[in-house]
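Note that the numbering runs from 1 along the sequence shown for the chain.
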Amino acid sequence: SLFPHSACSPALQAARGYARPVTRKKKDIPSQLDDLPPTMLKKDYANLPIMDSMDDVVKRLLSLEMASQKEKMKIKIQQLVEKVRRSPSDNGSSEVQGKLKTGKILIRMFEEHLQRHPKDKNNRRRMLMDVDRRRKLLTYLRRVRFDTFENTCRQLGIQYSLPPPYTRRITKRWLVKKAFCIKVFQEAQKLKAAEKLKQRKEWQARARAGREQQE
């Protein structure tokens, strides 16, 4: 600078101190992945027999302590799928598919992200799409297998609420349109009834003529 710091007036020094950027402390938002033990191995290495003879440093590198959030989500999803799976080889049932695609953990991850970044509209839209997809799968499961639906909601901690009944706002335009549609429907029914009566008379006349020719 052209002027030394000591030559600045007290007002200018106060303005410089006021203009310093304020460092805001980020909120410590708890994550649902915090309950996973850091010593647990990753999903791809958990069932390998060779891991028993590995060194502690290698096990630490392949554990969840050094894993990314995506790898931790795989472990969490697998744990929740085991609760609702019908058999060890079940990968295609409705409850398992609902957990894999639109499970509680994925929706919870979106909620945690939106708490840190409330203006992220893209992830908010994806979360609402996942919630809607899960609701449709649970509605289907409730209609087909109610006992499995109850067990799935209980094991995964999902609160299912029935959709509200569809209600239309009654306006003058809607009443006029409804009355017109009813009138058109009644006129169409009259034309159909007259056409059916005409066809019936023709069939009766043909049947009568056929009997007269046989006699």
Side-chain angles (χ1 to χ4, degrees), residues 21-142 144-161:
V22 179
T23 57
R24 297 181 180 179
K25 185 178 179 181
K26 294 183 179 180
K27 297 181 180 179
D28 188 11
I29 302 174
S31 176
Q32 60 178 343
L33 304 177
D34 294 340
D35 58 345
L36 295 175
T39 57
M40 180 183 294
L41 295 176
K42 299 178 184 179
K43 182 181 178 182
D44 299 335
Y45 306 99
N47 299 324
L48 293 179
I50 196 174
M51 294 304 300
D52 298 334
S53 59
M54 285 294 177
D55 189 63
D56 294 339
V57 178
V58 178
K59 289 183 179 180
R60 185 180 178 186
L61 291 174
L62 300 179
S63 64
L64 297 183
E65 183 180 356
M66 304 293 179
S68 61
Q69 187 180 26
K70 185 177 181 180
E71 293 171 335
K72 292 181 180 180
M73 285 179 60
K74 290 182 181 179
I75 299 292
K76 193 70 175 180
I77 290 175
Q78 187 66 25
Q79 290 179 355
L80 296 180
V81 167
E82 293 295 337
K83 295 182 179 180
V84 297
R85 179 173 286 178
R86 301 178 187 176
S87 62
S89 60
D90 179 20
N91 292 321
S93 60
S94 300
E95 54 270 27
V96 171
Q97 288 182 358
K99 187 72 220 85
L100 287 173
K101 295 180 180 179
T102 59
K104 177 183 176 182
I105 179 173
L106 300 179
I107 297 174
R108 179 57 186 164
M109 292 300 296
F110 281 126
E111 292 177 350
E112 295 173 3
H113 176 78
L114 291 174
Q115 287 178 2
R116 298 185 181 93
H117 309 281
K119 295 184 179 181
D120 192 349
K121 297 182 180 180
N122 186 22
N123 279 314
R124 185 179 299 277
R125 175 177 173 271
R126 291 172 60 188
M127 184 189 70
L128 294 177
M129 290 173 62
D130 283 349
V131 171
D132 186 64
R133 193 180 299 114
R134 185 183 69 176
R135 180 182 57 81
K136 291 180 181 179
L137 288 170
L138 289 176
T139 303
Y140 169 77
L141 191 62
R142 183 177 183 271
V144 177
R145 300 185 61 177
F146 188 77
D147 53 344
T148 308
F149 162 78
E150 286 186 331
N151 181 48
T152 303
C153 292
R154 182 173 61 255
Q155 293 292 340
L156 302 181
I158 299 175
Q159 295 182 357
Y160 178 83
S161 56

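Under the side chain to side chain contact (heavy atoms under 4.5 Å, CB included) criterion, D147 pairs with R145, sequence neighbours left out. Partners of D120 by salt bridge (Lys or Arg N to Asp or Glu O under 4.0 Å), not counting sequence neighbours: none found. Partners of R142 under the side chain to side chain contact (heavy atoms under 4.5 Å, CB included) rule, at least two apart in sequence or in another chain, are F146, F149, Y160, L162. Listed by chain and number, the residues in a side-chain hydrogen bond (donor to acceptor under 3.5 Å, both in side chains) with R126 are N123 (sequence neighbours excluded).
In this structure, CZ in R134 is found 15.0 Å from CE in M129, a value given to the nearest 0.5 Å. Rounded to the nearest 0.5 Å, atoms CE (M127) and CZ (R124) are 6.0 Å apart.
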